[in-house]
Protein chains: 2
Amino acid sequence: MSSTPKLGRVQLQIMQVLWAQESATARQITDELNRQKPVGAPPIAHSTVQTLLRKLEAKGAVSHRVEERIFVFEPVHEQSEVATGAAADLLARLFNRSISGLVAHLVKHEKVSPEELDRLREVVAQAEAAQNARANATTAEGSR
Amino acid sequence: MSSTPKLGRVQLQIMQVLWAQESATARQITDELNRQKPVGAPPIAHSTVQTLLRKLEAKGAVSHRVEERIFVFEPVHEQSEVATGAAADLLARLFNRSISGLVAHLVKHEKVSPEELDRLREVVAQAEAAQNARANATTAEGSR
DNA sequence: AGGCATAATTTACTGAGGTAAACGCGGTTC
DNA sequence: GAACCGCGTTTACCTCAGTAAATTATGCCT
């Protein structure tokens with residue numbers, strides 16, 4: 001069962017680049033990371049990125065193919081898989097698996113824009129609708 | 001600037017016990033952790049817990065007082081502080097700071113009970129109400 | 001051909017988390 | 001008072017993330 005592997009801080013940043021670009025060379029990743037880097041922060045060395053890429057490949061998070069004698073890496077897992085795994089982890093570790101508890105904390109302690117709250121309400125409404133639909137289907141199924 | 005320190009996996013478990021009990025001795029924590037441990041998992045050694053407690057104290061996550069020649073530990077930070085920090089971290093790392101994105105993932109990939117969805121809607125509604133109240137106050141202020 | 005540029009690989013070191021045995025010490029027990 | 005128990009301390013490993021220089025391989029340019 002290849003459950004999504006655990007990733008470190010920088011490893012995740014690398015994955016972000018890969019998810020955003022579909023696939024990338026080590027050089028592209030290095031440049032991208034250094035471009036995003038906040039001012040004052042020391043740039044990451046290319047060899048560091050290469051090392052981490054090999055570690056990522058070793059644990060099955062990325063794969064590579066050779067193109068023009070250069071390694072082109074691509075992610076093995078979808079971003080959503082990793083994201084969901086990490087979220088479930090956080091939920092279990094600190095919020096007693098209570099999603100509402102987590103969200104309550106977020107809306108209380110993070111600054112949330114009105115638009116974001118709108119989207120949030122939308123998401124909840126949709127989930128509720130989906131659940132109702134499923135309930136109806138089950139009822140109908142059972143009633144005949 | 002004592003921002004909440006970063007905690008490891010087992011370190012967090014220790015903190016959970018401390019948060020639940022207000023304060024505890026190393027022995028109590030060891031026993032509690034081993035009680036909660038899933039069957040088949042090897043129990044944690046007492047000295048391991050002691051070591052981690054000292055590391056936690058070194059980084060300012062817990063403090064101790066001596067009572068009857070025995071160390072009694074207690075958490076330095078509130079659980080909510082640590083939880084909020086960790087949540088903000090996850091949000092930044094994987095969800096581009098989008099709370100709705102996070103919640104969308106959760107309701108999609110975790111099984112959410114109808115009650116939990118209810119609470120969730122409640123939380124969002126309350127946040128919205130709070131925001132509207134603030135907006136109204138601002139408008140009233142500006143319109144006269 | 002010689003050298004430059006770039007890529008991949010090798011090697012090395014630090015720091016943190018986790019794990020736990022070994023050690024020393026004060027108090028209890030027979 | 002000798003053996004023992006429980007506690008904190010010391011010491012020691014292992015693993016993994018992160019960091020990056022040094023080395024090797026190879027194509028390309030002049």
Side-chain angles (χ1 to χ4, degrees), chain A residues 3-18 23-34 36-38 41-74 82 86 89 93-94, chain B residues 3-17 23-34 36-38 40-74 82 86 89 93-94:
Chain A
S3 75
T4 64
K6 263 203 239 173
L7 306 175
R9 198 183 75 264
V10 182
Q11 290 179 339
L12 246 183
Q13 290 173 229
I14 291 176
M15 294 304 289
Q16 298 281 15
V17 176
L18 287 177
S23 74
T25 67
R27 176 60 60 187
Q28 289 172 328
I29 295 171
T30 303
D31 292 347
E32 178 60 20
L33 288 185
N34 283 330
Q36 311 179 343
K37 208 130 240 189
I44 194 167
H46 183 51
S47 55
T48 300
V49 173
Q50 286 177 313
T51 301
L52 290 181
L53 278 169
R54 231 151 338 91
K55 288 186 179 181
L56 282 170
E57 185 154 35
K59 67 174 142 181
V62 307
S63 66
H64 81 269
R65 60 182 191 281
V66 180
E67 220 166 77
E68 311 285 337
R69 289 167 209 86
I70 294 179
F71 283 17
V72 178
F73 294 88
E74 59 180 56
V82 176
D89 220 57
R93 283 199 203 309
L94 276 168
Chain B
S3 79
T4 64
K6 260 205 243 176
L7 306 175
R9 197 179 74 296
V10 183
Q11 291 180 340
L12 245 184
Q13 291 172 231
I14 291 177
M15 294 304 289
Q16 298 281 16
V17 176
S23 74
T25 67
R27 176 61 59 187
Q28 289 172 329
I29 294 171
T30 302
D31 292 346
E32 179 59 22
L33 288 185
N34 284 330
Q36 312 179 341
K37 206 129 243 188
I44 194 168
H46 183 50
S47 57
T48 301
V49 174
Q50 286 177 314
T51 301
L52 290 181
L53 277 169
R54 232 152 337 93
K55 287 187 178 180
L56 283 170
E57 185 153 34
K59 67 173 142 179
V62 308
S63 66
H64 81 268
R65 62 181 189 280
V66 180
E67 221 165 75
E68 309 286 337
R69 290 169 218 89
I70 293 180
F71 283 18
V72 178
F73 295 88
E74 59 180 55
V82 176
D89 221 56
R93 282 201 205 308
L94 275 167

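Just so it is clear: chains get the letters A, B, ... in the order the sequence lines come, proteins before strands, and each one is counted from 1. Note that these values count all heavy atoms, side chains included, but never hydrogens, waters or copies made by symmetry.
Of the inter-residue distances, the one linking A:Ile29 atom CD1 with A:Gln16 atom CD reads 12.0 Å to the nearest 0.5 angstrom. Taken from CD in A:Gln28 to CG in A:Leu33, the straight-line distance is 11.5 Å, to the nearest 0.5 Å. Expressed to the nearest 0.5 Å, how far CD1 of A:Ile70 lies from CZ of A:Arg27 amounts to 10.0 Å. Distance check: B:Arg54 CZ to B:Phe73 CZ gives 7.5 Å after rounding to the nearest 0.5 Å.
A donor-acceptor pair under 3.5 Å is formed between the side chain of B:Lys59 and the backbone N or O of B:Lys6.
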Let me have a per-nucleotide readout for nucleotides 17-23 of chain D, 5' to 3', with B, S or -, counting only protein heavy atoms under 4.0 Å.
-> BBBBB--
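Straight-line distance from the CD atom of B:Glu68 to the C1' atom of D:dG8: 16 Å, rounded to whole Å. Regarding B:His64, its NE2 atom lies at a distance of 15 Å from the P atom of D:dC7, rounded to whole Å. D:dT9 atom C1' lies 12 Å from atom NE2 of B:His46, rounded to whole Å. When rounded to the nearest whole Å, the span between CD1 of A:Ile70 and C1' of D:dA25 equals 13 Å.
Take the nearest nucleotide of DNA chain D for A:Arg69 and for B:Arg27: the residue whose nucleotide is more 5' is B:Arg27.
Within the structure, ring-ring contact (aromatic ring centres under 6.0 Å, His included) pairs that include any residue of residues 41-63 of chain B do not occur (at least two apart or interchain).
Contact between A:Leu94 and B:Ala86 at its shortest, heavy atoms only, is CD1-CB, 3.6 Å.
Ring planes of B:His64 and B:Phe71: parallel class, angle under 30° (limits at 30 and 60°).
Contact footprint of chain B on DNA chain C: nucleotides with an atom under 4.0 Å from a non-hydrogen protein atom, first to last in 5' to 3' order, C:dG17 to C:dG27.
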